[in-house]
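Because the structure is a prediction, the values reported are computed rather than measured. Every chain is numbered from 1, with letters handed out A, B, ... down the list of sequences.
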Amino acid sequence: MIKAVKGTRDLLPPATVAWNRVEAVARAVFRAYNYHEIRTPILEETQLFARGVGADTDIVTKEMYTFVDRDETSLTLRPENTASVIRAYIEHRLDQRPGVQKLYYIGPMFRRERPQKGRYRQFFQIGAEALGSESPAVDAEVIELVVELLSRAGLSGFQLLINSVGDANCRPQYVERLRQELKSVAHAMCGDCQRRADTNPLRVLDCKVEADQPIIDKLPHITDCLCDPCRAHFDTVKNYLADRGIAYEVRPRLVRGLDYYMRTTFEVVHGSLGAQNSVLGGGRYDGLAESLGSKVHSPGIGFSIGEDRLVMSVEDAQAAEPLDLVIAPLGEPALRHAAVLARDLRRGGLSVELAEGKLKRAMELANKLGARFTLILGEEEMAAGRYALKDMASGEQRQVTREELAARFGGN
RNA sequence: GUGGGCGUAGCACAGUUGGUAGUGCGCCAGAUUGUGGUUCUGGAUGUCGUGGGUUCGAAUCCCACCGCCCACCCCA
């Protein structure tokens, strides 16, 4: 028996109702903030992610679905979408369009990790990018947007974490300082940290081992080591958030895993998600376009929401989508009449199911599908030019004419 | 890549010290030749994850493999 491949899953009704709801909310919020949808290919040249995401990130070194195409080019299933959006932005010269380019996307991403709660090999992201501005006002608006979106999607009890990771000027200095300080204390830390102290000192800050926490607490905070422009930018973002009454927590130890982030980074976490408690991650990436070959400076900031995780933590009672009417024709002439009637009512916006066979079967089906009404069309009704309309909740049944039906439900 | 837990009907599960399978829900039919929900009666469905071993006999004991879940790691 062939089954869905590891880490992928089928989303069946009625679960898909919740997904559509979340996506509808997202589209409405994006519209309010003047974001427009972009759809990029799921397949890209491997080079794009190697350069865009960072050659020695976990994503690129061990999590990509990469294969060689028949013409020998190396292709990869997108592990994230920011690099693709920037590629499209450069390729189609969107920097020439007026104003900040605000783009959003909804779609599947692929990473070959070991699946667990809230982590899949094919997962869905709802994300957005604001391109062409370094202004902290844009940072604040983007963060406002995500808070708005999550709230309107029905998420409550989430926590917004923000940080600034500096820029090409001050971050390398901070990393070097961290590396130096770790030399004297790393020997007392967990095995992973000893390794990270050398390879990727920023990761040490993310360590969750209890015994390491006192040591980590004594390490310098990046927020204390920012250069003046970065400090000013971060302070302004925080002021703008305060103006909006948005609650946030500065987490100097918040380091995001992708190489391209600089200055503002943020994350939203939520309890009910298991170990993978991050619903959303984002940040600024002012140097990314250039590193992908752009000749013009194209600063930007973006985020992506883990749709699987958002749906998981928002999910309440999954009610199936309601059905308005079941038509139960008895006999061939009635069936032919009913089919035309069904089409007209559907054109009028009604959801209609046509049930062939015995009346008893049709009634049972109507009940199981949760239909509000059943319309019976048998010999008696055909002869009289009427229909028997039954209200399934009350059990009440009465004869109606075609005109009365149209008046009630539309669809002449 | 590394650990732990779990695989029995469509779903949720039970199955005693080894004696070749049950319960609930769901599904189908009937009680009702044109009326659902409640009730009653009847029915179908299992390579007991797969393969091998021990045994007169394995869902049960042993070994290997596969799958799912959770965790590490990392991130959405």
Taking atom types as they are modelled, is there a donor-acceptor pair under 3.5 Å from the base of [N] to the side chain of [X]?
{"X": "A/Arg309", "N": "B/C75", "value": "yes"}
{"X": "A/Glu63", "N": "B/G1", "value": "no"}
{"X": "A/Gln116", "N": "B/C73", "value": "yes"}
{"X": "A/Asn367", "N": "B/G37", "value": "no"}
{"X": "A/Arg111", "N": "B/A76", "value": "yes"}

Nearest heavy-atom pair of [X] and [Y]: which atoms, and what distance?
{"X": "A/Glu134", "Y": "A/His233", "value": "O-NE2, 2.8 Å"}
{"X": "A/Val138", "Y": "A/Arg284", "value": "CB-NH2, 4.3 Å"}
{"X": "A/Ser304", "Y": "A/Tyr105", "value": "CB-OH, 3.4 Å"}

Nearest-angstrom distance, [atom1] atom, [N] to [M]:
{"N": "B/U60", "M": "B/G22", "atom1": "C1'", "result": "15 Å"}
{"N": "B/G42", "M": "B/C48", "atom1": "P", "result": "28 Å"}
{"N": "B/A44", "M": "B/G10", "atom1": "P", "result": "15 Å"}
{"N": "B/G49", "M": "B/G7", "atom1": "P", "result": "9 Å"}
{"N": "B/U32", "M": "B/U20", "atom1": "C1'", "result": "42 Å"}
{"N": "B/U23", "M": "B/U45", "atom1": "C1'", "result": "15 Å"}
{"N": "B/C72", "M": "B/C11", "atom1": "C1'", "result": "32 Å"}

Rounding to an integer number of Å, can you tell me how far [X] [atom1] sits from [N] [atom2]?
{"X": "A/Phe110", "N": "B/C75", "atom1": "CZ", "atom2": "C1'", "answer": "17 Å"}
{"X": "A/Leu389", "N": "B/G36", "atom1": "CG", "atom2": "P", "answer": "17 Å"}
{"X": "A/Tyr120", "N": "B/C74", "atom1": "OH", "atom2": "C1'", "answer": "16 Å"}
{"X": "A/Gln276", "N": "B/C70", "atom1": "CD", "atom2": "P", "answer": "10 Å"}
{"X": "A/Asp391", "N": "B/U35", "atom1": "CG", "atom2": "P", "answer": "19 Å"}
{"X": "A/Glu396", "N": "B/U35", "atom1": "CD", "atom2": "P", "answer": "19 Å"}
{"X": "A/Leu310", "N": "B/A76", "atom1": "CG", "atom2": "C1'", "answer": "11 Å"}
{"X": "A/Leu365", "N": "B/U35", "atom1": "CG", "atom2": "P", "answer": "16 Å"}

Which of the following nucleotides, [options], is nearest to the side chain of [X]?
{"X": "A/Lys3", "options": "B/G67, B/A76, B/G34", "answer": "B/G67"}
{"X": "A/Glu381", "options": "B/C75, B/G34, B/U2", "answer": "B/G34"}
{"X": "A/Ser304", "options": "B/A76, B/C72, B/G34", "answer": "B/A76"}
{"X": "A/Lys117", "options": "B/A71, B/A76, B/G34", "answer": "B/A71"}

Please state whether the phosphate of B/C68, meaning OP1 or OP2, lies under 4.0 angstrom from any side-chain nitrogen or oxygen of A/Lys6.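 For B/C68, OP1 or OP2 has a side-chain N or O of A/Lys6 closer than 4.0 Å.
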Which nucleotide, in any strand shown, forms a Watson-Crick or G-U wobble pair with [N], with both distances under 3.5 Å?
{"N": "B/C48", "result": "none"}
{"N": "B/C56", "result": "B/G19"}
{"N": "B/A9", "result": "none"}
{"N": "B/G30", "result": "B/C40"}
{"N": "B/U35", "result": "none"}
{"N": "B/G4", "result": "B/C69"}

For the salt bridge (Lys or Arg N to Asp or Glu O under 4.0 Å) test, which of A/Lys6, A/Lys62, A/Arg119, A/Arg121 pairs with A/Glu113? A/Arg119
With a 3.5 Å cut-off and no angle check, do the side chains of [X] and [Y] form a donor-acceptor pair?
{"X": "A/Thr82", "Y": "A/Glu129", "value": "yes"}
{"X": "A/Ser298", "Y": "A/Asp95", "value": "no"}
{"X": "A/Gln159", "Y": "A/Glu249", "value": "yes"}

What nitrogen or oxygen pairs link the protein and nucleotides 24-33 of chain B at under 3.5 Å?
from, atom 1, to, atom 2, distance (Å)
B/C28, OP1, A/Arg361, NH2, 3.2
B/C28, OP2, A/Lys368, NZ, 3.2
B/G30, OP1, A/Lys358, NZ, 3.2

5'-most by nearest nucleotide on RNA chain B - A/Ile305 or A/Arg119: A/Arg119
Nearest-nucleotide 5' precedence on RNA chain B, A/Asn277 against A/Met392: A/Met392
Just to verify, which of A/Glu144, A/Glu141, A/Lys102 counts as forming a side chain to side chain donor-acceptor pair (under 3.5 Å) with A/Tyr33? A/Glu144
A/Arg244 atom CZ, over 12 foreign heavy atoms within 6.0 Å: yes
Using ring pair (Phe, Tyr, Trp, His ring centres under 6.0 Å), reason through A/Phe409 and A/Phe373 one step at a time and then give a plain yes or no. CA-CA 11 Å; A/Phe409 295 126; A/Phe373 294 95; 5.5 Å; yes
